[in-house]
Amino acid sequence: MVKGAGCYLWDAENRRYLDFTAGIAVNALGHCDPEMAKLLYQQVRREVWTIAFFPATLTTAQALTLVHTSNLYHNPWVGELSKQIITKTCSAGAMHSASKVFVCNSGTEANEAAIKFARKVGKVRTPSGSQHEIVSFQNSFHGRTMGALSATPNPKYQKPFSPMIPGFKYGTYNDEESITELVNEATCGVIVEPIQGEGGVNVATPSFLQALRNRCNDVGAVLVYDEIQCGLSRTGQLWAHQILPPSAHPDILTTAKALGNGFPIGATIVNEDVAKCVVTGDHGTTFGGNPLACRLAHYIFSRLSDPELQASVLDKEKIFRQGFAKLQEKYPEHVKEVRGRGLILGLQLTVDPAPIVTAARERGLLIITCGTNTLRLVPPLIITEEEIKEGLEILEQAMEVALKRPHEVHSTKGQQEMAPPGR
Ligand SMILES: Cc1ncc(COP(=O)(O)O)c(C=O)c1O
């Protein structure tokens, strides 16, 4: 892929693709957002500034607007971004206790920080060190560094790098009955996705999340919601957990992906109870919180927290669901279930979706898979009704070819004949 604009990408041979993947739920504002490009340029360009030298002489000089200072120094943009995240999270009715933000460079790093913070809280609350276990769930995905990977119980990802870090336990998603035994006095933290993305677009029931919260309260463990994929208005609300009452809100919330619309940034949002256990020097990052990433994320967050955009996500979900209903009617044997909320949607198939993904790509539509035999649709949130309909039409054609005549999908001759419409 070499070029992009809005919901379209172009490859090296100038073929055009409608993008239902948004760089895996990242480009919520689409590709090459013009305002983002402008801010990026403004933040890195050389400008004539009036600089105050010490003592009190004023002169003009050329200076760079900062890209990086390290986390040794405060910069205005990390402050502005953090303030915006906290204010808008609380006013949206999500994580009511949100208080401080640790800014890093990816989703994995945001979760790694969350895991470390949970361990630190456990150490502070139980100095003997016995409260150190982290609980996560089957089919979750929390990242690929050793801590985040240890919380990701997928043999495909863990096995090549085993052994995992000690002290990680795995439960069954949405199984409320197992919570009492799973989360106990040895637990310092529970990490869960309100909607599992990679695991198959599985939606947590509100009562499961409430039960986790209650049990964390009972044993003094920290509850972490990983909204790296499902957050930032992908569900039509700023945060996916926003539908829950405050009594089910988390102690830590992690975000990344759409926060930078493609520019690397992640954040770990914590409440005061967690913040007071973590002291300067406990954790850090050289690049995290740099002025360039934070300025971009500040702009992106303000766009994504727009109620008009959020309302439009729900309208767009309806169009997708109408299209899926049609596909379900046409292929009752193959389309088992539709899952998800807003624009994080999964189509559960009874067959391997890989040939459909290939046939769709050959016709100019990008889609991805997840879980077991699930097609995942996570398009840019700015997608239009026409684009959704265009994509659904291509998806229907791809299914027709892949489900009825799968052999054609893999033949070279077939591929040449199936040149995408926007070539
Ligand atoms: C829910 C969730 N958590 C964490 C991650 C890891 O984020 P990153 O790839 O930015 O490190 C992902 C990435 O897919 C994710 O979907």
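When a ligand or atom number is given, it counts from 1 through the structure's own listing order. Excluded from the calculations below are hydrogen atoms, water molecules and symmetry mates; all remaining heavy atoms, backbone and side chain alike, are included. Just so it is clear, the model here is predicted, and its values are computed rather than measured.
Of the listed options Gly107, Ala25, Pro264, Gly143, Gly107 places a heavy atom closest to atom 10 (O) of ligand 1. Closest heavy-atom approach to atom 3 (N) of ligand 1 within the set Asp226, Val378, Thr152: this belongs to Asp226.
Taking every heavy atom of His142 and a limit of under 4.0 angstrom, the matching atoms of ligand 1 come to 3 (N), 4 (C). Close approach of ligand 1 to Asn111 is summarised as follows: ligand atoms under 4.0 Å from at least one heavy atom of the residue are 3 (N), 4 (C). Residue contact check: Glu193 has heavy atoms under 4.0 Å from atoms 1 (C) of ligand 1.
When heavy-atom distances to ligand 1 are checked against a 4.0 Å cut-off, Glu198 comes that close only through its side chain, counted from C-beta outward. No part of Thr254 comes within 4.0 Å of ligand 1, judged by heavy-atom distances. The proximity of Ile228 to ligand 1, defined as any non-hydrogen pair under 4.0 Å, is limited to the side chain. Counting heavy atoms under 4.0 Å from ligand 1, residue Arg144 does not touch it at all.
Phe301 and Trp239 have tilted rings, their planes meeting at an angle from 30° to 60° on a 0 to 90° scale. Phe320 and Phe20 have perpendicular rings, their planes meeting at more than 60° on a 0 to 90° scale where under 30° would count as parallel.
Among all non-hydrogen protein atoms, the one lying nearest atom 2 (C) of ligand 1 is Phe141 O, 3.2 Å. If you check which protein heavy atom lies closest to atom 16 (O) of ligand 1, you get Gln229 NE2, 2.8 Å. Protein heavy atom nearest atom 11 (O) of ligand 1, with residue, atom name and distance: Thr108 OG1, 2.5 Å. The shortest contact between atom 14 (O) of ligand 1 and any protein heavy atom is with Lys257 NZ, 3.0 Å.
A side-chain contact (heavy atoms from CB on, under 4.5 Å) with Val378 is found for exactly one of Ile368, Ile24, Asn27, Leu343, namely Ile368. Only one option out of Glu337, Gln229, Arg376 pairs with Val201 in a side-chain contact (heavy atoms from CB on, under 4.5 Å); it is Arg376.
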- Begin from the C-alpha positions of Arg295 and Tyr299 and carry the test side-chain hydrogen bond (donor to acceptor under 3.5 Å, both in side chains) through to its verdict. CA-CA 7 Å; Arg295 184 174 183 185; Tyr299 158 72; over 6 Å; no

- Message: Could you walk me through whether Gln210 and Asn214 satisfy the side-chain hydrogen bond (donor to acceptor under 3.5 Å, both in side chains) test, starting with their C-alpha distance in whole Å, then the side-chain angles of each, then the deciding distance to 0.1 Å, before giving a yes or no?
- Response: CA-CA 6 Å; Gln210 181 72 65; Asn214 295 348; 3.0 Å; yes

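When all heavy atoms are compared, the tightest approach of Gln158 to Pro153 is NE2-CA, 3.6 Å. In terms of heavy atoms, Ala118 sits closest to Ile134 at CB-CD1, 4.0 Å.
For residues 247-279, the ring pair (Phe, Tyr, Trp, His ring centres under 6.0 Å) pairs, not counting sequence neighbours, are His96-His249, His241-His249.
Within the structure, ligand 1 lacks Glu109 among the residues with a heavy atom less than 4.0 angstrom away. Not close to ligand 1: Ile24, with no non-hydrogen atom less than 4.0 angstrom away.
Among residues two or more places apart in sequence or in another chain, the salt bridge (charged side-chain N to carboxylate O under 4.0 Å, His left out) test is passed with Arg341 by none.
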